[in-house]
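Ligands are counted one by one from 1 in listed order, and the atoms in each one are counted from 1 as well. Quick caveat: nothing in here was measured; it's all calculated off a predicted structure.
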Amino acid sequence: MDHRYGLMSSEELLEIYSLTKTATSVHRGEDAVIQSANRAMLKIWGKDSSVIGKSLLEALPEIKSQPYPEMFHKAWLDGKTCSGQGSPAELEIDGKISTYYFDFEYLPIKNGKCEVIAVLNSAIDVTERVLKEQAIEKAEKTITSLQEQKDMICALEETRKELHELNSELEERVERRVIELSESEERFQIMAEGTELLIAVGDEDNNRVYFNKRWEKVTGRKMEELLRKGWVDLIHPEEKQHFINAYKESFKKREVFNMEFRMPDSKGEYRWYLCQCPPRFRSDGSFAGYIASCLDITMRKNEEIRKNEFIGMISHELRTPLTSLNGFIQIMKTRLDTMNRDSLEHALNKSQIQINKMSKMVAGFLDISKLESGSLELQQESFQLEELLKEVIEELSFMYSTHKITFASTCSLKVFADRNKISAVMYNLVGNAIKYAPFGSNIEILCSKDEAGLMVRVKDQGRGIEKSEEEKIFGRYYRSKGSPTVSGFGIGLFLCREILIKHEGSIWAENAKDNGAQFFFTLPEHAA
Ligand code: ADP
């Protein structure tokens with residue numbers, strides 16, 4: 001082997017070593033006394049060669065609380081290599097402490113006996129790389145966080161959109177509901193204001209919240225007064241307390257409340273009403289108060305009252321002929337052996353009169369009930385009206401000897417009519433003349449012909465008929481003010497008019513020039 005140049009001196013080796021780019025230093029002893037440090041290491045430390053011979057902490061006191069002294073001890077005392085990648089170190093350079101990063105190693109150098117004779121510290125300054133990595137990592141983190149934020153913003157935007165859609169849908173529904181409610185309220189108001197009924201609404205605490213305008217008209221109270229005071233105080237004293245108690249009870253139980261009562265109109269005249277109050281409930285089932293509708297039932301009620309009076313009167317009217325009939329029969333029974341033929345005939349005639357009266361009455365009632373049920377039918381036939389009138393007058397003269405009945409006729413014509421019904425008309429008219437004209441007065445019956453057909457006039461010498469009542473007396477159950485002293489039902493003339501209308505005839509009443517009333521009826525002439 002040719003050793004042209006010989007071995008290098010230790011100075012030469014150190015010189016080379018000091019020039020190596022990898023920063024190295026050699027330490028010995030527990031205090032890591034610096035044996036040597038190349039330029040690169042001195043540069044890292046920010047020191048000059050004066051640090052050689054000093055302990056590590058004397059040279060670099062700032063690393064005292066950092067892990068490096070301990071690592072050195074591990075290498076020096078335990079003979080273990082300690083290393084790190086990109087490890088941070090706080091170093092004071094030019095009086096300023098900054099963080100630097102190193103790939104480093106504390107390598108124990110051992111002799112043949114495996115004793116540690118020195119520790120070789122090598123370090124590469126990777127500050128730039130680490131900072132770059134950190135910057136990249138930070139940037140990545142920022143990007144991730146920004147990405148996350150972006151995703152969140154997108155999600156938020158989605159949610160916002162959904163919420164917006166939901167909100168607009170909700171707004172739309174609320175708006176629709178409001179429109180529906182106001183429309184239904186409007187509809188209710190239109191209905192409530194356009195009806196003949198009295199409509200009132202109360203809330204769950206029984207406060208008055210609404211009255212339709214009709215209440216003002218009927219009670220004469222202003223709306224403000226109605227809302228403040230109500231109307232129950234107006235109820236007739238006979239029904240008031242009962243009404244209040246029953247209403248309270250229904251209100252407590254949230255039940256339907258119905259009752260009839262009287263209340264004065266604006267002129268102070270009492271009228272009958274039927275009050276119907278169903279409870280109101282909201283869509284969630286909670287009680288919302290009552291809605292009251294009051295219907296004027298005065299007509300129906302009066303009719304009911306009149307009907308009851310009518311039934312009472314029928315019983316009374318039938319009792320009179322029945323009593324007489326009973327009397328005649330009693331007489332005939334007790335005197336059967338002693339009675340002569342004239343007396344017997346007289347009693348029998350009187351009995352027959354009473355029976356006829358009752359038959360006529362019952363026939364009249366039957367006709368009324370048939371009229372009401374719409375089943376009054378005519379049994380029409382062709383006959384001479386004059387003859388029928390004569391028959392009726394004969395019978396009436398026989399029944400009533402109290403008045404003088406005369407008959408005159410200027411024609412002899414045929415009619416196509418229901419004999420029984422026309423004779424019922426005559427019985428009513430002549431019967432009324434007897435009832436309403438004084439004893440002994442004349443009743444004239446005249447039959448004549450005019451352009452409409454046949455006309456019959458029944459004229460009496462009684463009290464006559466007031467002009468204002470000429471039409472009213474043909475109403476059902478109508479009796480004029482002066483009539484109550486005279487027995488009657490107020491159905492006779494009503495029945496006459498209905499019968500004549502069915503025959504396409506007519507009937508009317510007038511006062512006669514010389515006192516008394518006169519009734520006319522016409523029937524169409526029947527062409528033979
Ligand atoms: P009623 O005689 O049973 O009361 P009507 O229907 O026959 O019933 O008569 C109705 C009313 O017309 C009577 O209440 C009476 O006031 C009046 N009226 C009828 N006929 C006469 C008459 N000839 N004179 C005066 N008033 C009469």
Original post:
Taking non-hydrogen atoms only, is E469 closer than 4.0 angstrom to ligand 1 via side chain, backbone, both or neither?
Top reply: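 It is neither; nothing of E469 touches ligand 1.
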Given [options], which one has a non-hydrogen atom that is nearest to [atom]?
atom                    : options                : value
atom 8 (O) of ligand 1  : G516, A517, G490       : G490
atom 26 (N) of ligand 1 : I434, V430, V458, I465 : I465
atom 1 (P) of ligand 1  : F494, F519, Y436, Y477 : Y436
atom 25 (C) of ligand 1 : A433, G462, G464       : G464

Original post:
Within the structure, does L493 bring an N/O atom to less than 3.5 angstrom of an N/O atom in ligand 1?
Top reply: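 Between L493 and ligand 1 (N or O atoms, distance only) the closest approach is under 3.5 Å.
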Subject >> Sub-6.0 Å ring centroid separation between Y400 and F439 >> reply: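 Ring-ring flag for Y400/F439: false, centres at least 6.0 Å apart.
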Original post:
Would you call R419-E387 a salt bridge at under 4.0 Å N-O?
Top reply: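 Salt bridge absent between R419 and E387.
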Residue-ligand contact [X]/ligand 1, heavy atom below 4.0 Å:
X    : result
F474 : no
K435 : yes
N428 : no

Original post:
For E238, which residues count as a salt bridge (charged side-chain N to carboxylate O under 4.0 Å, His left out) partner, sequence neighbours excluded?
Top reply: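 By the salt bridge (charged side-chain N to carboxylate O under 4.0 Å, His left out) rule, E238 matches R262.
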**OP:** May I ask you to decide if the ring planes of Y290 and F287 are parallel, tilted or perpendicular, using 30° and 60° as cut-offs?
**Re:**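 Plane angle over 60°, so perpendicular.
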Original post:
Which ligand 1 atoms are under 4.0 Å away from a heavy-atom of I491?
Top reply: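 Listed by number with element: 6 (O), 8 (O).
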Subject >> K360 NZ/CZ over Y427 ring centroid, <6.0 Å and within 45° of normal >> reply: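 Cation-pi check for K360 and Y427: passes.
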Original post:
Are R479 and Y477 in a cation-pi contact, defined as NZ or CZ under 6.0 Å from the six-membered ring centre and within 45° of the axis?
Top reply: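 No, R479 and Y477 do not form such a contact.
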